[in-house]
Amino acid sequence: MPFREQKAGGLVYMTADTINTTHAFTTRLGGVSTGVHTSLNLGYKEGDVPENVRHNYAVLSAALGFDANGMVFSHQVHKDGVRVAGRGDRRGPYDPVPYEADGLVTAEADLPLIIFTADCGPILLHDPVRGAVGAVHAGWRGTVLNIAGAAVDKMTAELGCRPADIRAAIGPCISKCCFETGNDVRDAVKQLLGGEAPQYAEPRGDKYMVDLKGINTLLLERAGLLPENIDVSPECTSCRSEKYWSHRVTKGQRGSQAAVIILKGQLH
């Protein structure tokens, strides 16, 4: 199994075998938030009680072994910006974030990179040879802008990585079974993939079923990653909305998952 469910008390999160450093794809299980945010909401923009969100981070940070006041976030804007994170970017859940980026990469040890999703695709990257990691928020807009490739390029150009050494995990997100879209998304996929587009945006009536996981897998391979170094979660956030936050299922009344990665000692 490339993805494994982990538990720490009531906390439930997923890990990927291909990522050989501390990481997690969180679920909505194991926190203290209530109402529409029940229970492990890690989003600080969804209107949750701040004390509950901070407690949820305390639960997660205790399980993974990081400082909940020393994390790196970004202001996610559904584009293809990737930032090289440093220690000056550390902050707590409600500290201001002065920059926009949908991807974060670093070669700094013990610096937790965090991105948020609730149907969009979370991608974690790890180069165990150079010693570098990345976290990518890939909604459909970021996907068709090739943010996955942009993150690999940033790790290569600025952190000294080789694409063939980079390992990737595409976490739980809305899958082709549930991601029904209109012509705008189909057209964007076609512009990106050309003749390969139909297999990733299949017609169903007057709509299209789009495969974000498949597109991002293809883009990572195009960027130079080896197919055997890419794990893809089989879980769909829409199908499994009792386990994961799904923006579509909740019509926006929700919390957020987090994907977290930290460059630490090797796990396996």
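Looking at W245 and R28, their side chains come closer than 4.5 Å, going by heavy atoms from C-beta outward. Side-chain contact check for C236 versus P172: every heavy-atom pair is 4.5 Å or farther apart. In this structure the side chain of V152 reaches within 4.5 angstrom of the side chain of L225, judged on heavy atoms. L40 is not listed as a side-chain neighbour of Y13, based on a closest heavy-atom distance of 4.5 Å or more. Residues S241 and T250 fail the side-chain proximity criterion, which asks for heavy atoms closer than 4.5 Å. Side-chain contact between D231 and I170 is absent, with no heavy-atom pair separated by less than 4.5 Å. I262 places none of its side-chain heavy atoms less than 4.5 Å from the side chain of T21. Between V210 and R186 the shortest side-chain heavy-atom distance does not fall below 4.5 Å.
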Using side-chain hydrogen bond (donor to acceptor under 3.5 Å, both in side chains), reason through K207 and T181 one step at a time and then give a plain yes or no. CA-CA 6 Å; K207 300 291 185 179; T181 73; over 6 Å; no
Could you go through C178 and R248, starting from their C-alpha distance and side-chain angles, then the distance that decides it, and tell me whether this counts as side chain to side chain contact (heavy atoms under 4.5 Å, CB included)? CA-CA 9 Å; C178 294; R248 284 204 170 198; over 6 Å; no
C239/S175 under side chain to side chain contact (heavy atoms under 4.5 Å, CB included): CA gap, chis, key distance, verdict: CA-CA 8 Å; C239 289; S175 298; over 6 Å; no
Run I115 and V136 through side chain to side chain contact (heavy atoms under 4.5 Å, CB included) and show every step you take. CA-CA 7 Å; I115 58 95; V136 178; over 6 Å; no
Start with the C-alpha distance between V133 and V105, add both sets of side-chain angles, then the distance that settles side chain to side chain contact (heavy atoms under 4.5 Å, CB included), and finish with yes or no. CA-CA 6 Å; V133 293; V105 299; over 6 Å; no
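Of all non-hydrogen atoms in G103 and I147, the two that sit nearest each other are N-CD1, 3.9 Å. Shortest non-hydrogen contact noted between L263 and A107 is CD2-O, 3.7 Å. Scanning all heavy atoms of the two residues, the minimum distance from S74 to L104 falls at CB-CD2, 4.1 Å.
In summary, the side chains of D119 and T237 do present a donor paired with an acceptor at a separation below 3.5 Å, with no hydrogens or angles considered. There is no side-chain donor-acceptor pair under 3.5 Å between H37 and R254. Counting only N and O atoms by type, the side chains of S256 and E46 include a donor and acceptor under 3.5 Å apart.
Both L212 and L219 are members of a single hydrophobic cluster when ILVMFWY side chains are connected at heavy-atom separations under 4.5 Å. Under a hydrophobic clustering in which Ile, Leu, Val, Met, Phe, Trp and Tyr are joined whenever their side-chain heavy atoms come within less than 4.5 Å, directly or via other members, I166 and V82 fall into the same cluster. Linking ILVMFWY residues whenever their side-chain heavy atoms come closer than 4.5 Å, directly or via other members, leaves L218 and L145 in distinct clusters. Clustering ILVMFWY residues whenever any of their side-chain heavy atoms sit less than 4.5 angstrom apart, transitively, puts V72 in the very cluster that holds F66. The cluster map of Ile, Leu, Val, Met, Phe, Trp and Tyr, joined by side-chain heavy atoms under 4.5 Å apart, puts I174 and I215 in the same cluster.
One distance of note links OG1 of T106 with CG of L159; it measures 7.0 Å at 0.5 Å rounding. The CG atom of L226 lies 10.0 Å from the OG1 atom of T18; values are rounded to the nearest 0.5 Å. Once rounded to the nearest 0.5 Å, the distance linking CD1 of I114 with CZ of R91 reads 11.5 Å. The structure places CG of L29 at 9.5 Å from OG1 of T26, a figure rounded to the nearest 0.5 Å. Expressed to the nearest 0.5 Å, how far CD1 of I123 lies from CD1 of I261 amounts to 12.0 Å.
For F25, the ring pair (Phe, Tyr, Trp, His ring centres under 6.0 Å) criterion is met by F3, not counting sequence neighbours. Residues passing the salt bridge (charged side-chain N to carboxylate O under 4.0 Å, His left out) test with K190: none are found, sequence neighbours excluded. Applying the salt bridge (charged side-chain N to carboxylate O under 4.0 Å, His left out) criterion to D89, with sequence neighbours excluded, gives R83. Listed by chain and number, the residues in a salt bridge (charged side-chain N to carboxylate O under 4.0 Å, His left out) with D67 amount to none (sequence neighbours excluded). Applying the side-chain contact (heavy atoms from CB on, under 4.5 Å) test to R90 and every residue at least two apart in sequence or in another chain returns R87, L111. Taking K45 as the reference, H75 meet the side-chain hydrogen bond (donor to acceptor under 3.5 Å, both in side chains) condition, with sequence neighbours excluded.
A salt bridge (charged side-chain N to carboxylate O under 4.0 Å, His left out) check over residues 233-247, counting only residues at least two apart or in different chains, returns the pairs E5-K243, E235-R240, E235-K243, R240-E242. Residues in residues 163-172 take part in these salt bridge (charged side-chain N to carboxylate O under 4.0 Å, His left out) pairs, two or more places apart or across chains: R162-D165. Pairs of residues two or more places apart, or lying in two chains, that qualify as side chain to side chain donor-acceptor pair (under 3.5 Å) and include a residue from residues 129-143 are D102-H137, T143-N216. Among residue pairs with one or both ends in residues 203-222, none qualify as ring pair (Phe, Tyr, Trp, His ring centres under 6.0 Å); sequence neighbours excluded.
Checked options L11, V12, T15; the residue passing with Q6 is T15 (criterion: side-chain contact (heavy atoms from CB on, under 4.5 Å)).
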Output a table of donor-acceptor pairs, distance under 3.5 Å, between side-chain atoms of residues 192-204 and any protein atom two or more places apart or on a different chain; print 'none' if there are none.
{"unit_1": "E196", "atom_1": "OE1", "unit_2": "R222", "atom_2": "NH2", "d": "2.5"}
{"unit_1": "E202", "atom_1": "OE2", "unit_2": "K176", "atom_2": "NZ", "d": "2.8"}
{"unit_1": "R204", "atom_1": "NH2", "unit_2": "E180", "atom_2": "OE2", "d": "3.1"}

Return a table of donor-acceptor pairs under 3.5 angstrom between the side chains of residues 49-56 and protein atoms on other chains or two or more places apart.
{"unit_1": "N56", "atom_1": "OD1", "unit_2": "V32", "atom_2": "N", "d": "2.9"}
{"unit_1": "N56", "atom_1": "ND2", "unit_2": "S33", "atom_2": "OG", "d": "3.0"}
{"unit_1": "N56", "atom_1": "ND2", "unit_2": "S39", "atom_2": "O", "d": "3.4"}
{"unit_1": "N56", "atom_1": "ND2", "unit_2": "N41", "atom_2": "O", "d": "2.8"}
{"unit_1": "N56", "atom_1": "ND2", "unit_2": "N52", "atom_2": "O", "d": "3.4"}

